[in-house]
Q: 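Have a look at this one.
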Amino acid sequence: MGKEIRMIQLIKGFKDILPGEVELWQQIEKTARSLFEDFGFKEIRIPIMERTELFARSIGEDTDIVEKEMYTFPDRKGGDLITLRPEATASVCRSYIQHKLYATDPVRKFYTIGPMFRRERPQKGRYRQFYQINAEIFGVDSPLVDVELIFILVTLFSKLSVSDVNTRINSLGCPECRPMFKTALSDFLTSLNEKLCSDCVRRKDRNPLRVLDCKVPSCRAAMTDAPSIPDYLCPACDQHFETTQTALSALNVPFVVDKGLVRGLDYYTRTTFEIQTSALGAQNAIAGGGRYDGLIKALGGPDIPATGFAIGLDRLTEIAGSNSTDLVKTPDIFIAALGEKSRSLAFEWNCALCLEGVKAEMEFGDKSLKSQMKRAHRLGAKHVLIVGDNEIREGKVMLRDMKTKDQVSIPIEQVVENIKAKIS
Ligand code: HAM
């Protein structure tokens, strides 16, 4: 008896996106790309791995992402630590700095689409490899570009007929006003010591803002009366946040100010935002972002302001997916060939039709007409072309419309031209 060969399964939290599902992903990506191009964004493609230090320094050492969720390993034994990217913003900044993309014009708009990796506990809407659509604007400190980003998000969701969304915004202040808030928060946290989880007890002195982002229910309950950042904004941040709200209203973008929205990454300053939906259960954020004016400088670049967002593509496909079956393309024509000679002819026509933009399929094996018709049916082919020795002898082939069952005879010499004319 031979040894049974064990099948190798996917890694937990990873997934395949299969034909039948991928069409919706492509449609969303296409809609996003076209919208970005209309708003003057250019695509940038960045690597999937970076030096660990890039993420530690930008996302923050005390965040859940850096502390617990990164896939990090030495490049080789004893080599530098590298990490599978948990997000794209840090890499886009690194690239902007490294290639001095600010030199001719600091104002740049980038978008990038691709996989990210976080070793979170998998559940519906939360994966260890997930996909993001990112947009970043560099070199503008006007709140109008934050509004532009939010406007792009809501426009994209409306183009995709995703209606159950709400926009939440907050301001996290700047290095000028945040210390005052941190002091107030630290004082509050000292009074809570007993009620906080062990992570928060550790983080409260090093990075008290992270406690505001803790998901542990007892911490959340303890934080209900915590001081909130917008109450401590300096006049410049206050003005920035006010203008953001006025401009959103002028564009008729509905939003709510959520004073508890701190986001899970350390680099944010001033306006942050999240688009949430009630259609997804616990993992309700389909997009998040905000301003990160200090990050480019903190990564060794010039002092250039920046703002951006990322959409969770996996989550978006889960709520934009109701009409996805309409997107699956079926063959325009299936060529049923009987016998060796017909198959060679069919193969030439098949290739020529595909080149002409007619979606053609054929049977490569020696199968009966009945079984080929069954396959054409299964594939959802709109037409079937039947060719065998008789047809070759008579110089004519039969084209059958699978819906109306009408059949027409086509001269063999002009098969490709005729089919193209009939089908398109
Ligand atoms: P983020 O909030 O960490 O922000 O992620 C953005 C979106 O990615 C989330 O709203 C969610 O839809 C999706 N997402 C995050 N983690 C997972 C997961 N484990 N499984 C499925 N989807 C997930 C950022 O990543 C920032 N870099 C956004 C940004 C760009 N800020 C400024 N520029």
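Just so you know, ligand 1 is whichever comes first in the structure, and atom 1 is the first atom listed for that ligand. The shown structure was predicted, so the numbers you read here are calculated from the model rather than taken from an experiment.
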Q: According to the interplanar angle, ranging from 0 to 90°, do the rings of F36 and F41 count as parallel (below 30°), tilted (30 to 60°) or perpendicular (above 60°)?
A: tilted
Q: Which protein N or O atoms sit under 3.5 Å from any N or O of ligand 1? Give each pair with its distance.
A:
from	atom 1	to	atom 2	distance (Å)
ligand 1	2 (O)	R263	NH1	2.8
ligand 1	2 (O)	R263	NH2	2.9
ligand 1	3 (O)	R118	NH1	2.9
ligand 1	3 (O)	R118	NH2	2.9
ligand 1	4 (O)	R263	NH2	3.0
ligand 1	5 (O)	Q132	NE2	3.1
ligand 1	8 (O)	Q132	NE2	3.1
ligand 1	10 (O)	A285	O	3.4
ligand 1	12 (O)	A285	O	2.8
ligand 1	12 (O)	G312	N	3.4
ligand 1	19 (N)	E120	OE2	2.7
ligand 1	19 (N)	Y127	O	2.9
ligand 1	20 (N)	Y127	N	3.0
ligand 1	25 (O)	R118	NH2	3.1
ligand 1	25 (O)	Q132	NE2	3.1
ligand 1	27 (N)	E87	OE1	2.6
ligand 1	27 (N)	T89	OG1	2.9
ligand 1	27 (N)	Y267	OH	3.0
ligand 1	31 (N)	Y268	OH	2.6
ligand 1	33 (N)	T89	OG1	3.2
ligand 1	33 (N)	E136	OE1	2.8
ligand 1	33 (N)	E136	OE2	3.3
ligand 1	33 (N)	F309	N	3.3

Q: Give a yes/no verdict on a cation-pi contact between K15 and Y127, requiring under 6.0 Å between NZ or CZ and the six-membered ring centre and an angle within 45° of the axis.
A: yes
Q: Tell me whether R108 is salt-bridged to E136, with the criterion being a basic N under 4.0 Å from an acidic carboxylate O.
A: no
Q: For the CE atom on M402, are there more than 12 heavy atoms of other groups (residues, nucleotides or ligands in this structure) within a distance under 6.0 Å?
A: yes
Q: Between the side chains of T271 and S171, does any donor sit under 3.5 Å from an acceptor?
A: no
Q: For the pair R128 and E120, evaluate salt bridge (charged side-chain N to carboxylate O under 4.0 Å, His left out) and give the outcome as yes or no after the intermediate values.
A: CA-CA 6 Å; R128 290 179 170 177; E120 293 188 78; over 6 Å; no
